[in-house]
Amino acid sequence: MKRIFFNTCVCAGAALLLSGCIEETFPEGGAATSDQIAESPIATEGMIASIPTIMITNYLDLGEHVDFGYPGIMGANDRLAGDVFPVAQNLPGGNQYYDRWQAWLYPCQSSGLDAASGWSMLHYLNYYQFIKAANDVLATVGEEESLKESRGIAKAFRALFYLDLVRHYDPLPAKAPKLGNYETQRQAVDGLTVPLVTEASTVDELRNNPRMPREQAFEFIFSDLDDAEACLANYAPAQKNLPSLAVVYGLKARAYLWLGQFSDVTYENVPTGEAAYRLAAEYARKAIDASGCTIMTQAQWLDPLTGFNTVNAAWMWAMIQSTDTVLNNLLSWSAHMSLDAMYGYGYLAQPGIPSNLYARIAANDFRRLSFVNPERDWSAFEPYTNLTEEEFQTVAAYASTKFHTAGGEKSDYSTANVTSIPLMRVEEMYLTEAEAVAHYDAGQAVSLLESFMANRAPGYKVTAENSSGETLIDEILFQKRIELWGEGLILFDMKRLNKSILNSSNNAPSGARVDTEGRAPWWNQTIPVSIAQRNEILLTTNNPDPCMSYDAE
């Protein structure tokens, strides 16, 4: 029997000041002034480094092993979307309940994501602690010209955090068959996003801090990105855990893609509909060109020692672990997402792909080799895994070997968990460009998609029936679901495009077998009641609770 060890740890530097429950905004003593920071490059670098560090070390003490900052959020996102779930089923040694993202796997059968539940804290609380780290930098560097690159870095990070928050909490229409008043409650908060907290926010303001309307939220995000674009025009980060100009362009592409869906809404200061889609395509292309990145090769993708654990020429932005940021054996991405992790949950839960998605992957598409085939053929799997043939006997069909531990290490977590995790890859930008263009020029979009797919499935052609309209967009989205499987991003596309979860008849585990009618209501996340009680305007303007809204097996 495998034993899983948990070592108690304290996260040094975890930010404790939150939106709605802040006792003080800035340190009153001992803080360096802008002039002092300007005279100390090491101090500036330390402040900047605190942002990517808190992303991978933030620990909320929620009582579950997925509580490890931004990567924990990524895993929750993909389970909410229904594209990642444990496939171990009843094979000896495996169990679906070893997947610790339980609340996000089974919202049909538990109230774990309701506002009163502690699990609603994972997204909301983490993001505002990340934002505080960025705000602390901005409060210190100010408008100092010599520190403009630090300001640009902090604003790019803050834009990422707010863009994610807005997309999580923007309450888009969703059917909830078992909740008769869901849509009525949702309409009451339609268009509201999240409260704004900046480096200038006062305690009194935060005690009565309403959710920003969508237009205001995007005005703020674009103001941060515009300033970051100017500040980082000539900046090249030493490591890819800090944003570059190309990343700023990529964030703009993500933001415009979200706004493209609102073709029936006109805002004064931000574009929607086709105008937004055109800008999404423009900035995706700018990101590609500015990045200098190249699309991952088959060898890079399937390498059992470095595959999706090491920054390569395709990665624009990444979370980079060091031995100092490895919290313990279980509060780690690899421990949950890698089959190599014999010391953790990965080998036991076996995160995998829905069988109906796998079946759509072209036979000559090498990404298919990231998953155990339905026949569980060891000879087909052996070149891409660090498991032995004996260890493979307990691995189920459709389990993924995409994410590897460092060097394929299977037992020493202090080595195995020192991996990098992608935040933005250039492939996302190619597919973003193709989808954005598809909304106004199907012929060009087909060419873009076929050009990209030549790197994945030689000879790929868009069929006549998939060459325009919603079928073309769905084909692009499908390729994006395969390309970015397990990277925590596809939820936003599924929600934006009002796509359904279709897992009732595939290999989803018991409790997650559900078909939704368009977007799932649990994609509109709820603000935790414990937060709202300290910012009472949120008590009456929260998103409705989404759980128990569908029947599932």
Is there a salt bridge (Lys or Arg N to Asp or Glu O under 4.0 Å) between Lys402 and Glu487 once you walk through the steps? CA-CA 10 Å; Lys402 179 175 179 177; Glu487 297 180 44; 2.8 Å; yes
Would you check if [X] and [Y] make a side-chain contact, meaning some heavy-atom pair closer than 4.5 Å?
X      : Y      : result
Leu502 : Thr516 : no
Leu251 : Val247 : yes
Tyr128 : Ile531 : no
Lys252 : Asp226 : yes
His439 : Ser263 : no

Does Gln187, at its CD atom, have more than 12 non-hydrogen atoms belonging to other residues, nucleotides or ligands within less than 6.0 Å? yes
Looking at Tyr162 versus Phe220, is the centre-to-centre ring distance below 6.0 Å? yes
Main-chain N/O of [Y] paired to [X] side chain as donor or acceptor, under 3.5 Å:
X      : Y      : value
Asn328 : Leu331 : yes
Ser244 : Lys240 : no
Glu433 : Glu282 : no
Glu205 : Thr202 : yes
Asp83  : Ile353 : no
Asp99  : Trp101 : yes
Asn241 : Ile320 : no
Trp523 : Leu80  : yes
Thr53  : Ser50  : no
Arg211 : Thr193 : yes

Which label fits [X] and [Y]: parallel for a plane angle under 30°, tilted from 30 to 60°, or perpendicular past 60°?
X      : Y      : result
His336 : Tyr345 : tilted
Phe492 : Trp258 : perpendicular
Tyr70  : Phe130 : tilted
Phe308 : Trp315 : tilted
Tyr106 : Tyr97  : tilted

Does a side chain donor of either [X] or [Y] reach within less than 3.5 Å of an acceptor in the other side chain?
X      : Y      : result
Arg186 : Asn181 : no
Gln321 : Thr325 : yes
Thr419 : Asn309 : no
Asn542 : Tyr169 : no
Asn524 : Asn543 : no
Asn135 : Arg158 : yes
Gln479 : Tyr430 : no
Asn535 : Asn209 : no

Cationic tip of Arg214 above Phe262 ring, under 6.0 Å, 45° of axis: yes
Steps toward salt bridge (Lys or Arg N to Asp or Glu O under 4.0 Å) verdict (Glu428, Arg254): CA-CA 10 Å; Glu428 177 195 348; Arg254 288 180 181 178; 2.8 Å; yes
For [X] and [Y], work out which heavy atoms get closest and say how close.
X      : Y      : value
Glu553 : Ser504 : OE2-O, 3.5 Å
Phe161 : Ile131 : CB-CG1, 3.7 Å
Ile476 : Ala434 : CD1-O, 3.6 Å
Glu183 : Pro173 : OE1-CA, 4.1 Å

Pick out which of Thr526, Asp164, Asn77 makes a side-chain hydrogen bond (donor to acceptor under 3.5 Å, both in side chains) with His123. Asn77
Does the pair Phe157 and Trp317 meet the rule for a ring pair (Phe, Tyr, Trp, His ring centres under 6.0 Å), with working shown? CA-CA 11 Å; Phe157 272 114; Trp317 202 8; 5.3 Å; yes
Mind checking the [atom1]-[atom2] spacing from [X] to [Y]? Nearest 0.5 Å is all I need.
X      : Y      : atom1 : atom2 : value
Leu489 : Arg425 : CG    : CZ    : 9.0 Å
Ser120 : Ile527 : OG    : CD1   : 9.5 Å
Asn126 : Asn58  : CG    : CG    : 5.0 Å

Take Asp170 and Arg519, measure what salt bridge (Lys or Arg N to Asp or Glu O under 4.0 Å) needs, and give me the verdict at the end. CA-CA 13 Å; Asp170 192 346; Arg519 66 176 63 89; over 6 Å; no
List the steps, then state whether ring pair (Phe, Tyr, Trp, His ring centres under 6.0 Å) holds for Phe403 with Trp333. CA-CA 9 Å; Phe403 299 99; Trp333 180 252; 5.4 Å; yes
Apply the salt bridge (Lys or Arg N to Asp or Glu O under 4.0 Å) test between Asp474 and each candidate in Lys480, Arg481, Arg360; give the one that qualifies. Arg360
